[in-house]
Amino acid sequence: MEKKKPKKPTFKFSMYWMYAIVIISLVGILYFDDNSLTKRVSYSEFEEYVESGGVDKILVLRGTDPKAEAFLNDSLAKAVFPNAYKPKGGMDAKVVAEISSPDQLQENIDKWKADGKFTGKVDYESATNYSGLLWTFGPVILLVVFWFYMMRRMSGKDGSGSGVFSVGKSKAKIFDKDGDIQVTFKDVAGLSEAKTEIEEIVEFLKNPQRYTDLGGKIPKGALLVGPPGTGKTLLAKAVAGEANVPFFSMSGSDFVEMFVGVGASRVRDLFRQAKEKAPCIVFIDEIDAVGRARGKNPNMGANDERENTLNQLLTEMDGFGTNSGVIILAATNRADILDKALLRAGRFDRQIYVDLPDLNDRVAIFNVHLRRIKTDDTVDVDLLARQTPGFSGADIANVCNEAALIAARHNKKSVGRQDFIDAVDRIIGGLEKRSKITTDEEKKSIAVHEAGHATISWHLQYANPLIKVTIVPRGKALGAAWYLPEERQITPTQALLDEMCSTLGGRAAEELFLGRISTGAANDLERVTKQAYAMVVYYGMSDKLPNLCYYDSTGQDYGFSKPYSDDRAKMIDEEVSRIISEQYERAKAILREHAEGHAKLAETLITREVIFTEDVENIFGKRPWTSRTEEILAINENSAKKSETQSKEDKNKDKDIEDVTPIETPPPFKGLPAPTPQEEAEPNEQSEQPEDKND
């Protein structure tokens, strides 16, 4: 493995250098200032001051412009500087005069000494006027340095890449093949199908000859599509860590700027850099920022910067030129709004769907995130995976982190089962609000409502199994119930009806056992209404309007007009009302049948505030139905046992084959006559198809 070459240190100018120059200039001015009062005079005045006897010392400055400085005593200094001079302030007073030559001045000094007019000493120095040079050239130098700094900043040469003259440059981050990103496919749990397709792209880059020898072409692009938090960007990071080629990463919004034409310029610059480093990968996150379908929002005849950027992107990906060795990866959760020209083969050859993880994937994702967390023996990963249906990978990571924070808050040394349950409750329902004041009447109403949900869901086959019910306020809810939703690939009509009946159980219990209803069922009614409308309008599950679907999967919708008449709209409303009314009456019938158990359940809730599956099972007995999730776990367990048994048998066979002597090969088998139609129609008695109980 090649060692990384040490990067050469580069000088980067910043505003701090300007501050340093100003400070040094001020210090220099203070250093060269001799704390004296100075007055420029003519040479005749200079002679008068010396001959008056008020000069203690003379300093002769030699050079191209010779000068003489006369240091005055206190009496003469007061006369020359009447307001400024202070005798005890440690301040010197002097007068400066220009002279013709130091030799001529020396003759005059000898004469003054002979006459007794000057008794001080005389010093000679070379004249160097540093302060004059500083004041003359300092401002010019500062102006040049400031102009140089501003030009570098505007052109983006200081490494920021954010100057006026560099707005058209690409903002992509480049990760070289030297291991800048440590994420690999081992860090991506679940997503087996998506990983298979994305690993093939990595294999294209590592061994292109293997595919080109057969006449195949390397795919030009792959689009990762899926809900937020499912791991699209994580897959791209894994590709960057595995491919061992340069990796360009940027967001779709990085192309957008306030200046016209900047987006197209950045696209050109990005692909220019990518071609120079080919083979490489270009990853564009949230591509819907620039890939939205054209012509949807006309800009009143003005220039549409986003469409220009998209046109340039389409041309660069698959236009007249070629981009051999450049593979485009993109991610979005809104593929329905992307332009059709962007999705066609030749630009994005593959659309890789990254869906929400199913039960087995959630188990794998939990195992990945639990590596860094200290857990005890009470943690059941299978139960956690069952309690988090519909959770994305990001949600599961949040659950694990929240559980660790809860355990640390309670000063625990490891994270236990209850910490994970509390974390799931915290994320789904919000924090407990025990400070919220509820009266006994309100508490009884909430308990009856929640007990109604629990009672009906326990006695319906397709209703979700209960985990926990509480009447402690959480978030915006006054009470909450947790269930284990069944993850079905196909949902029958009865499952939807059972779920609606269970949801209406709270309102039905209030009406039956309290004789009044409250606003506590607002969320239940909203869910039921939407579900009944979906059954009639989308799924065609209505008796009067069967086999009709008014859902537009293309995302175009129907504009401001409905795809059905007013008479049909009236029929839809009647069917929705009928379905809800039937399930409401069904819920009341079930509650009347199990009124005694409901009363015990409500009383337990009022007393303990929280009940679990065991409490409901003690009152109503064990549910007669096996959940689909439990069947999946049993199938997984059986398949794991079969694979272990098969591997052991294969090992034993290999040992037996080594000990057996070879036998002669029998002659080729000519086969049996073709079976008769009756024989073909007879089923094989030994092969039994598993029956799907849910469908």
Side-chain angles (χ1 to χ4, degrees), residues 186-192 229 231 234 356-432 464-470 472 474 480-487 604 608-618 622-623 626-645 647-648:
K186 294 181 180 178
D187 301 313
V188 183
L191 308 178
S192 55
L234 181 64
L356 290 170
D358 59 11
L359 180 64
N360 296 327
D361 288 342
R362 290 199 300 274
V363 171
I365 294 172
F366 265 111
N367 288 328
V368 168
H369 291 295
L370 290 177
R371 292 176 191 166
R372 300 184 296 272
I373 296 178
K374 296 180 180 178
T375 58
D376 57 21
D377 298 334
T378 61
V379 177
D380 186 358
V381 179
D382 290 335
L383 178 62
L384 290 175
R386 293 179 62 190
Q387 284 184 337
T388 52
F391 276 42
S392 64
D395 295 330
I396 293 174
N398 192 22
V399 168
C400 296
N401 184 64
E402 195 70 34
L405 296 179
I406 292 173
R409 196 179 302 141
H410 293 91
N411 297 320
K412 295 183 179 180
K413 294 184 179 179
S414 60
V415 186
R417 175 177 179 269
Q418 188 59 42
D419 299 319
F420 280 97
I421 294 175
D422 294 341
V424 175
D425 296 350
R426 166 73 177 85
I427 291 171
I428 295 177
L431 281 174
E432 286 188 352
N464 299 322
L466 178 73
I467 296 178
K468 171 184 174 182
V469 181
T470 177
V472 178
R474 276 184 177 271
W482 283 262
Y483 299 90
L484 278 180
E486 301 290 343
E487 296 184 59
T604 307
R608 290 167 41 189
E609 292 188 337
V610 179
I611 60 173
F612 297 93
T613 308
E614 296 79 9
D615 303 306
V616 184
E617 191 171 318
N618 292 335
K622 195 173 181 64
R623 290 187 83 211
T626 302
S627 67
R628 182 177 183 274
T629 309
E630 291 175 351
E631 292 181 5
I632 293 175
L633 292 175
I635 292 171
N636 292 340
E637 188 176 350
N638 292 334
S639 61
K641 290 180 180 179
K642 286 182 180 179
S643 60
E644 291 179 3
T645 306
S647 61
K648 291 180 181 179

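This one's a predicted model, so the numbers in the text were calculated from it and none came from an experiment.
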Indicate yes or no for a side-chain donor-acceptor contact from R362 to the backbone of T388 under 3.5 Å, with no hydrogens or angles considered. yes

Check: N401 side chain, A397 main-chain N or O, donor-acceptor pair, under 3.5 Å: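 Checking the backbone N and O of A397 against the side chain of N401, no donor-acceptor pair under 3.5 Å is found.
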
Do P357 and F391 have side chains that get closer than 4.5 Å, going by heavy atoms? no

Indicate yes or no: at least one non-hydrogen side-chain atom of V610 is less than 4.5 angstrom from one of V469. no

To the nearest 0.5 Å, how far apart are [atom1] in [X] and [atom2] in [Y]?
X: L359; Y: D382; atom1: CG; atom2: CG; result: 7.0 Å
X: T604; Y: E609; atom1: OG1; atom2: CD; result: 13.0 Å
X: F420; Y: L383; atom1: CZ; atom2: CG; result: 11.5 Å
X: R608; Y: T470; atom1: CZ; atom2: OG1; result: 11.0 Å

Can you name the side-chain contact (heavy atoms from CB on, under 4.5 Å) partners of K412, sequence neighbours left out?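 side-chain contact (heavy atoms from CB on, under 4.5 Å) list for K412, sorted by chain: A407, H410, D419.
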
Partners meeting side-chain contact (heavy atoms from CB on, under 4.5 Å) with T378 (sequence neighbours left out):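 So T378 forms a side-chain contact (heavy atoms from CB on, under 4.5 Å) with D376, R417.
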
Could I get the full list of side chain to side chain donor-acceptor pair (under 3.5 Å) partners for E617, not counting sequence neighbours?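 For E617, no residue satisfies side chain to side chain donor-acceptor pair (under 3.5 Å) once neighbours in sequence are set aside.
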
Side chain to side chain donor-acceptor pair (under 3.5 Å) against N398, all qualifying residues, sequence neighbours excluded: none

List the atom of L356, the atom of S392, and the distance in Å for their closest heavy-atom pair.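 Looks like CD2-CB, 3.8 Å.
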
On a heavy-atom basis, which atom in V188 and which in L234 lie closest, and how many Å separate them? CG2-CG, 3.9 Å

Is there a side chain to side chain donor-acceptor pair (under 3.5 Å) between Q418 and D422 once you walk through the steps? CA-CA 6 Å; Q418 188 59 42; D422 294 341; 2.9 Å; yes

Test log, rule side chain to side chain contact (heavy atoms under 4.5 Å, CB included), inputs C400 and I373: CA-CA 8 Å; C400 296; I373 296 178; 3.5 Å; yes

Using the test salt bridge (Lys or Arg N to Asp or Glu O under 4.0 Å), find all partners of D395 that sit at least two apart in sequence or belong to another chain. none

Show me, pair by pair, the donor-acceptor contacts under 3.5 angstrom made by side chains of residues 363-371, not counting sequence neighbours?
{"unit_1": "N367", "atom_1": "ND2", "unit_2": "V363", "atom_2": "O", "d": "3.1"}

